[in-house]
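In what follows, chains carry the letters A, B, and so on, assigned in the order in which the sequence lines appear, proteins first and then strands, with residues in each chain numbered from 1. All values derive from a computational prediction rather than experimental measurement.
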Amino acid sequence: MSTVFFHEEFPSTFEAMTVTLDHAVAALLREGWIQKDHEPCTRLCLEEALVNAVRHGNDNDANRTVKLSLADEGECCTIRVRDEGGGFCVDQVAFPETEQMGGRGICLIRHFMERVEFDTNANCLEMSFRRKAC
Amino acid sequence: MSEANDQIVDFTQEGRVIVGTIRTSSVLSAINVAEFGNEVVAYVEARPGVNLLLNFEHVDYLSSAVLTELLRVNKAIESVQGKLRLCSLSKVILEVFQITNLDTMFTIFDEDLDGGRRRFQRALEIQDQEAAWKEPG
């Protein structure tokens with residue numbers, strides 16, 4: 001069973017994105033999915049996913065929106081980030097060379113989340129993690 | 001002596017080491033991360049041979065975009081024959097460097113600011129002593 005406990009959409013600007021990011025982190029804390037100690041790595045994953053959606057999915061076009069939802073799926077919390085772009089294959093994102101300037105966001109998400117995949121039908125990045133107790 | 005009022009990084013000279021303290025995590029958000037890089041690169045480029053210790057004590061986390069800016073800063077430091085060291089990294093931030101293998105590219109001090117500054121200063125003194133030995137008598 002999946003229960004969405006947070007949903008927001010915002011125009012593709014970083015200013016709007018940071019507001020939603022703060023709201024989402026607050027919701028995860030309130031619902032007990034993370035504790036304060038775990039906030040940095042969860043915030044990091046959310047930011048990476050949202051920046052990708054704004055920048056690569058929607059080309060920074062403020063007329064396009066990004067949708068973020070958080071769902072309680074029993075043992076796991078699933079974060080879904082949906083943009084209006086063409087999508088990408090998470091598994092084909094290569095680990096960057098040390099001196100490469102970008103391309104590390106997905107690697108970081110893969111490290112901190114238990115599951116990461118891109119649902120091409122829904123044009124949606126999904127990532128899940130288990131409840132983080134103290 | 002502090003040079004800045006409303007900058008992202010507060011630069012302070014202590015001996016031969018310039019300490020660059022990043023004010024809070026929020027200044028490294030997607031909105032102003034490029035500004036962070038521009039600010040530090042401009043500072044470095046105006047100071048050939050600068051020995052910069054970037055202090056992360058007020059930073060809870062950093063994204064991949066910040067890593068990209070740090071790579072820019074590192075290149076700028078190399079171009080002016082300076083040195084860059086990082087200190088006061090939280091567990092999560094250190095983990096981010098390790099995951100991305102950037103802990104092999106940057107010199108990261110385990111210590112807090114005081115310890116990192118002393119270590120950097122001492123390394124510079126040793127370097128000077130070695131250079132003096134190599135100078136023709």
Side-chain angles (χ1 to χ4, degrees), chain A residues 10-22 24-25 28-29 34-58 60 62 66 68 81 93-113 116 132, chain B residues 8 22-41 44 55-79 84 86 88-108:
Chain A
F10 58 92
S12 297
T13 67
F14 290 131
E15 287 80 1
M17 185 202 87
T18 53
V19 173
T20 295
L21 176 60
D22 286 344
V25 171
L28 288 167
L29 285 163
I34 59 171
Q35 306 298 319
K36 201 72 185 163
D37 287 353
H38 306 109
E39 184 184 327
C41 56
T42 309
R43 182 178 281 273
L44 168 65
C45 293
L46 274 166
E47 181 173 323
E48 295 292 350
L50 294 175
V51 166
N52 277 348
V54 168
R55 182 176 289 154
H56 302 301
N58 289 352
N60 297 298
V66 175
L68 170 66
V81 178
V93 177
F95 195 89
E97 297 293 321
T98 308
E99 292 194 42
Q100 187 177 317
M101 292 303 271
R104 293 180 177 80
I106 292 294
C107 301
L108 293 172
I109 293 174
R110 274 202 201 111
H111 178 83
F112 288 112
M113 290 284 157
V116 186
K132 298 184 188 302
Chain B
I8 291 171
I22 302 164
R23 294 188 163 180
T24 65
S25 291
S26 60
V27 300
L28 301 180
S29 73
I31 297 172
N32 47 15
V33 65
E35 201 180 320
F36 159 71
N38 292 340
E39 185 179 309
V40 181
V41 166
V44 164
N55 172 22
F56 287 80
E57 69 182 348
H58 303 307
V59 181
D60 296 325
Y61 82 104
L62 50 81
S63 66
S64 62
V66 181
L67 295 176
T68 302
E69 294 305 316
L70 287 172
L71 286 168
R72 277 183 61 212
V73 169
N74 197 42
K75 281 192 175 180
I77 291 257
E78 284 174 355
S79 73
L84 175 64
L86 314 180
S88 304
L89 276 63
S90 71
K91 190 168 163 255
V92 171
I93 293 178
L94 186 58
E95 204 174 344
V96 164
F97 275 89
Q98 289 165 342
I99 297 161
T100 54
N101 288 335
L102 289 178
D103 58 327
T104 61
M105 170 164 280
F106 292 95
T107 302
I108 299 171

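Between B:Ile99 and A:Arg110, every side-chain heavy-atom pair lies at or beyond the 4.5 Å cut-off.
For the atom pair OG (B:Ser64) and CD1 (A:Ile109), the distance works out to 8.5 Å, reported to the nearest 0.5 Å. Taken to the nearest 0.5 Å, the OG atom of B:Ser29 stands 9.5 Å off from the CG atom of A:Asp22.
Taking chain A as the reference chain and counting heavy-atom pairs below 4.5 Å, the highest number among B:Leu70, B:Ile31, B:Asp60, B:Leu62 is found for B:Ile31.
Of the two parts of B:Ile93, neither the backbone nor the side chain holds a non-hydrogen atom closer than 4.5 Å to a non-hydrogen atom of chain A.
Below 4.5 Å, heavy atoms of chain B meet heavy atoms from A:Phe14, A:Glu15, A:Met17, A:Thr18, all part of residues 13-20 of chain A.
Considering only residues two or more places apart in sequence or on other chains, B:Phe97 meets the ring-ring contact (aromatic ring centres under 6.0 Å, His included) condition with B:Phe106.
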Please step through side-chain hydrogen bond (donor to acceptor under 3.5 Å, both in side chains) for the pair A:Glu47 and B:Tyr61, ending with a clear verdict. CA-CA 11 Å; A:Glu47 181 173 323; B:Tyr61 82 104; 2.5 Å; yes
